[in-house]
Each structure stands twice: as C-alpha cells, then as structure tokens.
Amino acid sequence: MPADPSTGDVLEVRHLTVEYDGVTAVDDVSLRVARSEVLALLGPSGSGKSTLLHAVAGFLAPTSGEIWLKSRRVATRERAEPPERRDVAVVFQSYALWPHLSAVDTVAYPIRRRGGGRRTARAEALDILDRLRIAHLADRRPAELSGGEQQRVGLARALARHASLYLFDEPTAHLDTHVRGVFLDELVVRREASGAGGVYATHDAEEALGLADRVALLNSGRLVQLGTPQQVYAEPVDLWAARLTGPASVLTVTVVGARDGGASLDFDGRVFDVESTGETSGGEAVPLLVRPGWARLGGELQGRLLAVRFRGPHSDYVVDTAVGNLLIREPGPPRYAAGADVGWTLSRTWPLGRPGADARSLAKL
Ligand code: ADP
Ligand code: MG
C-alpha cells in the first residue's frame, strides 16, 4: 500500500536501493513515517543514513524502489521529482548557509517564500532565533559565526519552513547539550502543532532512543531492525544491534533443562529457571544480553570487580564472572573498590544471536 493521507503516512520508502558507481549505499530498505512521528535512523558512519535522506529529499535518484510523500509517488528509477517540488525541509550535516545573507534574513527567507510580509517574516525569524538562543547574532553573516552558531541558523531556517516532513542529518553534532535540548523540545512542539513527520539520522544511540517514536537500525545500507526505542534497546535482533543501541554485556550460559514454556540455565554451577517460548535444547550454549540496569550487586552469584567508575548520577562496575564480564550500573557513588569480591544477580536477560532462533525464545529470568 502506498503512503496515503488517510492512513496518516507522510513518507513511505519501498524497497529502496541507492548505488554510487557499484557501491550499494542503501540496500532494499522499506519504512514508513506517520504524521507527527519522528523516526530515527541509527547507524555507524558509512551505514547509508545520509544517502537515504538525500534520496528522500530528491538530491539522489533511486537505483530501484520507490519513495512516496503523502499520497504522491515522487521517485522511482525512471522518474524523480526535483527537491523543490517535495514538501520536505532538510537540515544537513554541512549547513550550507548563503554567505551573503544575515542570520535573520536566512531564517526569514522561507517565511517570505510562503507569502509572509517583510515585517511578519522578520518578527517570526527573530522569534525562532531567540528560541535557539542566537537572537543577538541576527545581523551576522555566516563568516562571522562559529560552526555551532551556523548550525543553529540552519536549524532555525528549517523550523521556519513548515514542511510536512523534516529530514535531519546529524544536526546536533556541533551543538552543546543545552542547545540540543532546546532544539529537540522545539521540534516536538512543532510536530505536535503541525502534524509534520521527521526522519532523524544520528550515530548517537542515546539521542536516537531519547527523541524518536521509532528507531531504524542501519548496517551497511540494510535495515537490521525497526521498532520502538524500548524494543530496540531491550530486544535487539542480534549482537551488532545490541552493541549499537547501548552498553551491552554478553554472558554465555548453558541450557541444562528445557521444557514447555521454560528452560533452566547454568550460571557457573547455579541453575536459574527462565521463561521460554521458543525451542531450546539441553547442552546448548546461549549468549545472553544484559543491559547495565538489568543487573545489580549483591546476590548469590560470585564475581570480582575489575573496574569501578564514578559517573556523577550513577556508578559503573565491571564484574569478572565465570560466565563473562558484566557491566552493572547503580545510582550513587561507588560502594566498592576495584579488586573486591562481590555478589551479583540479574533481573532480566535477552538471548542473542542463535541462528534461526526466535528472538523471544528466552524471556525474563
Ligand atoms: P552515513 O551517512 O551513514 O555515514 P553515507 O550515506 O554517507 O553513510 O554513506 C554510505 C556509503 O556510501 C558509504 O560506504 C560511503 O562511503 C558511500 N558513499 C557516500 N557518498 C558517496 C559518493 N558520493 N560516492 C561514492 N560513494 C559514496
Ligand atoms: Mg552521514
């Protein structure tokens, strides 16, 4: 089914492949963005995030597949509408500001283009600059602004566009944390008011999980997983996805008993029963993902602290255990020093990377 206003999709990408002279940068990707939804594209450098956004914006044509904006098919291999015909606002990594325009004129430009009078456009532009904390730089040209300030002008110009789809290509790379927060809040207010959708490319997992409604994981141009932030964090499809989405420990345990709806796992001589909805067989070694908040110190399993780090709101402990190294995160300052023998326990695990296995085969401990 194509993207359609009645279903609320502002973007649909269908089996999109984009190649550069034989290099496949985007490989058979399909995804949708609904009205008011922000989809994060999360992937390492070179995974195809920018290429995908450029194809949606109209700067690159598909090698195969289709791009739909609302109910219009805007790009196929044979025919691609130019960027100015697509109702899309873009913020790229390189902000490409016009060198001869001041900040306020840059931001006022899209407002004037959609019919705003000179005064109205200037007032609205100043208001947006003010919210991004750069109103005092309104009359400066790009050459008189720092990289981060130019980035904010680029963001302000995009916010002034009022498009039905916003594309962001690592837009906060040069922003400090405070301005990043202001910008993201602004974005949320706008999309709620206008119904605009967004696609937000980043290599920063925390940022992607924190701002998006859904997250698409990209590896070498391929879509590896698409889900809510909670799903991709707690239930990654494989070890690569687990490492991309946050701190991950992998413990290797042995299945010592399998039965309908459950399994028993051996953690160095101590056996735990877990729920299981999939096939498991005795003797099988299972790699288990443990997020830092799923484990805690104290408990019947034994280990030794390899490292302890104070991180402000919490402390990180790396525990050497018989089933692998385990990162535990607990609120507050460190309670133990490196070298100490400690007990530990788990509240949750997720089985990883067993070829052909149902990813939900082993649920909570
Ligand atoms: P990301 O934005 O995730 O870092 P890109 O979309 O920029 O990834 O790049 C995806 C792949 O395409 C990489 O292998 C990159 O080297 C390649 N690539 C990007 N731009 C070009 C280009 N203009 N010509 C040839 N290859 C390119
Ligand atoms: Mg990029």
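This is a predicted model, so every value here is computed, not measured. Atoms within each ligand, like the ligands themselves, are counted from 1 in listed order.
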Is a donor from one side chain sitting under 3.5 angstrom from an acceptor on the other, for E66 and T76?
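Note: E66 and T76 side chains miss the donor-acceptor criterion.
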Aromatic ring centroids of Y317 and W344 under 6.0 Å?
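No, the ring of Y317 stays outside the 6.0 Å limit from the ring of W344, centre to centre.
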At a non-hydrogen distance cut-off of under 4.0 Å, which region of A201 contacts ligand 1 (side chain, backbone, both, or neither)?
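Neither part.
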Under 6.0 Å from the six-membered ring centre of W98 and within 45° of its axis: does the NZ or CZ of R157 meet both?
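Relative to the ring axis of W98, which defines the angle, R157 lies inside both limits.
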Return a yes/no value for G46: is any of its N or O atoms, backbone included, closer than 3.5 angstrom to an N or O of ligand 1?
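Yes: some nitrogen or oxygen of G46 is under 3.5 Å from one in ligand 1.
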Quick check: G48 and ligand 1, any N/O pair under 3.5 Å apart?
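It does: an N or O of G48 is found under 3.5 Å from an N or O of ligand 1.
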Would you mind listing which atoms of ligand 1 come within a distance below 4.0 Å of any non-hydrogen atom of [X]?
{"X": "S47", "answer": "1 (P), 3 (O), 8 (O)"}
{"X": "P44", "answer": "3 (O)"}
{"X": "A25", "answer": "10 (C), 11 (C), 12 (O)"}

Measuring from non-hydrogen atoms of G43 to any atom of ligand 1, is the shortest distance under 4.0 Å?
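Under 4.0 Å: no for G43.
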With a 3.5 Å cut-off and sequence neighbours excluded, list the donor-acceptor pairs that the side chains of residues 111-121 form with protein atoms.
residue	atom	partner	partner atom	Å
R114	NH1	A160	O	2.5
R114	NH2	E124	OE2	3.3

According to side chain to side chain donor-acceptor pair (under 3.5 Å), who are the partners of S164, at least two apart in sequence or on a separate chain?
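Once residues adjacent in sequence are excluded, the partners of S164 under the side chain to side chain donor-acceptor pair (under 3.5 Å) criterion are D87.
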Please compare V18, T51, L42 and report which has the shortest non-hydrogen distance to atom 5 (P) of ligand 1.
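Shortest heavy-atom distance from atom 5 (P) of ligand 1: T51.
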Describe, in one word, how the ring planes of F267 and F272 are oriented to each other, choosing from parallel (under 30°), tilted (30 to 60°) and perpendicular (over 60°).
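If you compare the ring of F267 with that of F272, the planes turn out perpendicular.
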If I take every N, O or S atom of S45, is at least one of them less than 2.8 Å from the Mg ion (ligand 2)?
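Not a single backbone or side-chain N, O or S atom of S45 is under 2.8 Å from the Mg ion (ligand 2).
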S315 side chain to G332 backbone, donor-acceptor under 3.5 Å
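Yes.
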